[in-house]
S.K.: 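Here's a structure for you.
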Amino acid sequence: MIIHIGASSKMNLTSTQAAAYLDAVRPMVADLVDRNVFVLLPFTSIWVARERLAGSNVRWGAQDVHSQDAGAHTGDISAPMLADLGCTYVEVGHHERRRDYGETDELVAAKVEAVQRSGMTAIVCVGERRKVAMDEVVGELHRQLRLLGSADFRRLIVAYEPAWAIGVGANSAPPTYVGAVHDTIRAQLVEMRAEGRDVPIIYGGSVTMKHASALLAQPGVDGLFVGRMALDPAVFSAIAHTHVERDWSRGG
Ligand code: PGA
């Protein structure tokens with residue numbers, strides 16, 4: 001399976017800053033033709049990505065979307081609007097949106113459908129809110145994933161992002177733990193549908209250069225989703241170039 005390396009700038013990078021950022025990132029990762037590299041920007045900077053990344057190996061996308069395609073939803077952005085800007089990906093259900101806007105698993109599932117209706121790939125974030133025992137983690141993931149039953153698995157990436165590992169002051173979840181959780185996510189997806197075998201499962205939460213190679217060494221980890229460390233183009237590029245030392249015979 002191909003390795004996916006994504007960045008979300010979250011609420012950072014004005015359109016002017018995004019131009020400089022993308023102009024720096026693009027040549028640094030141009031050699032990574034055998035990996036899937038993507039950046040998710042604020043809505044106001046996506047047009048810049050279309051301008052600066054067209055024709056490159058870097059794909060772009062958004063960090064959220066409304067669940068409906070059009071209508072009376074002041075201030076919201078629809079999937080057709082994002083598809084029109086050339087987005088390949090739309091992230092949905094990030095912990096910060098669940099926390100700040102009370103987004104429910106049901107709403108997240110509706111957003112996944114909206115993204116896919118417009119021909120884009122949904123990156124759906126799942127993960128436990130607090131550090132709890134593994135069986136509770138599995139239960140929480142089960143409830144989040146179950147709602148994706150009618151999603152198109154060919155246009156889906158699952159991002160495992162435990163809330164406690166995200167953001168300033170947090171540390172990446174331990175690689176072996178991440179590997180074990182990814183295995184349970186995989187099992188759940190396959191149980192839902194045979195195509196669940198091919199849905200990429202990536203990890204996000206305080207990914208740094210230090211942890212990247214141990215995380216990617218886990219057979220169940222198909223890629224990394226990088227937040228604050230990706231704001232430095234050189235660091236993002238270094239993470240994207242991480243050498244993967246893995247026993248491929250174990251799958252992945
Ligand atoms: P972080 O963000 O790398 O800054 O922890 C990761 C994420 O929220 O995807």
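Read the numbers this way: they start at 1 and go in the same order the structure lists the ligands and their atoms.
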S.K.: Report yes or no: does M229 have a heavy atom closer than 4.0 Å to ligand 1?
M.R.: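 Not so, M229 does not reach ligand 1.
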S.K.: Of the non-hydrogen atoms in V199 and L156, which two are nearest, and what is the gap between them?
M.R.: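 Residues V199 and L156, closest heavy atoms: CG1-O, 3.5 Å.
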S.K.: Is it true that R186 and D222 have a side-chain N and a carboxylate O under 4.0 angstrom from each other?
M.R.: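 Salt bridge: yes.
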S.K.: So I3 and V244, do their side chains get closer than 4.5 Å, heavy atoms only?
M.R.: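 A side-chain contact under 4.5 Å exists here.
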S.K.: Please could you name the atoms of ligand 1 that K10 approaches to less than 4.0 Å, counting only its heavy atoms?
M.R.: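 The atoms of ligand 1 under 4.0 Å from a heavy atom of K10 are 2 (O), 6 (C), 7 (C), 8 (O).
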S.K.: Might you point out which heavy atoms bring H243 and S213 nearest each other, and give the distance in Å?
M.R.: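 Looks like O-CB, 4.0 Å.
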S.K.: Salt-bridge test for R154 and E195: reply yes if a basic N is under 4.0 Å from a carboxylate O, no otherwise.
M.R.: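 Salt bridge absent between R154 and E195.
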S.K.: With a 4.5 Å heavy-atom cut-off, do I202 and V158 have their side chains touching?
M.R.: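 No, side chains not in contact.
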S.K.: What protein heavy atom is closest to atom 1 (P) of ligand 1, reported as residue, atom name and distance in Å?
M.R.: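 Going by distance alone, atom 1 (P) of ligand 1 is nearest to R228 NH1, 3.2 Å.
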S.K.: What are the two closest heavy atoms between R35 and H241, and how far apart are they?
M.R.: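 Heavy-atom minimum between the residues: NH1-C, 3.6 Å.
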S.K.: Give a yes/no on ligand 1: does S8 have at least one heavy atom closer than 4.0 angstrom to it?
M.R.: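 No, S8 has no heavy atom closer than 4.0 Å to ligand 1.
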S.K.: Any idea which protein heavy atom is nearest atom 3 (O) of ligand 1, and the distance to it?
M.R.: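 Minimum-distance protein heavy atom for atom 3 (O) of ligand 1 reads G227 N, 3.0 Å.
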S.K.: Using a 4.0 Å cutoff against the non-hydrogen atoms of S206, which atoms of ligand 1 qualify?
M.R.: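 Numbered from 1, ligand 1 contributes 1 (P), 3 (O), 5 (O).
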S.K.: Please classify the H94 to ligand 1 contact at 4.0 Å (heavy-atom distances, strictly less than): side chain, backbone, both or neither.
M.R.: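 It is the side chain that touches ligand 1; the backbone stays farther off.
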S.K.: Can you tell me the protein heavy atom closest to atom 7 (C) of ligand 1 and the distance?
M.R.: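 The closest heavy atom on the protein side is E161 OE1, 3.2 Å.
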S.K.: Counting from 1, what ligand 1 atoms have a heavy atom of G167 closer than 4.0 Å?
M.R.: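 Taking each heavy atom of G167 in turn, ligand 1 has 1 (P), 5 (O) under 4.0 Å.
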S.K.: At the 4.0 Å heavy-atom cut-off, does G204 count as touching ligand 1?
M.R.: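 Per 4.0 Å heavy-atom rule, G204 does not contact ligand 1.
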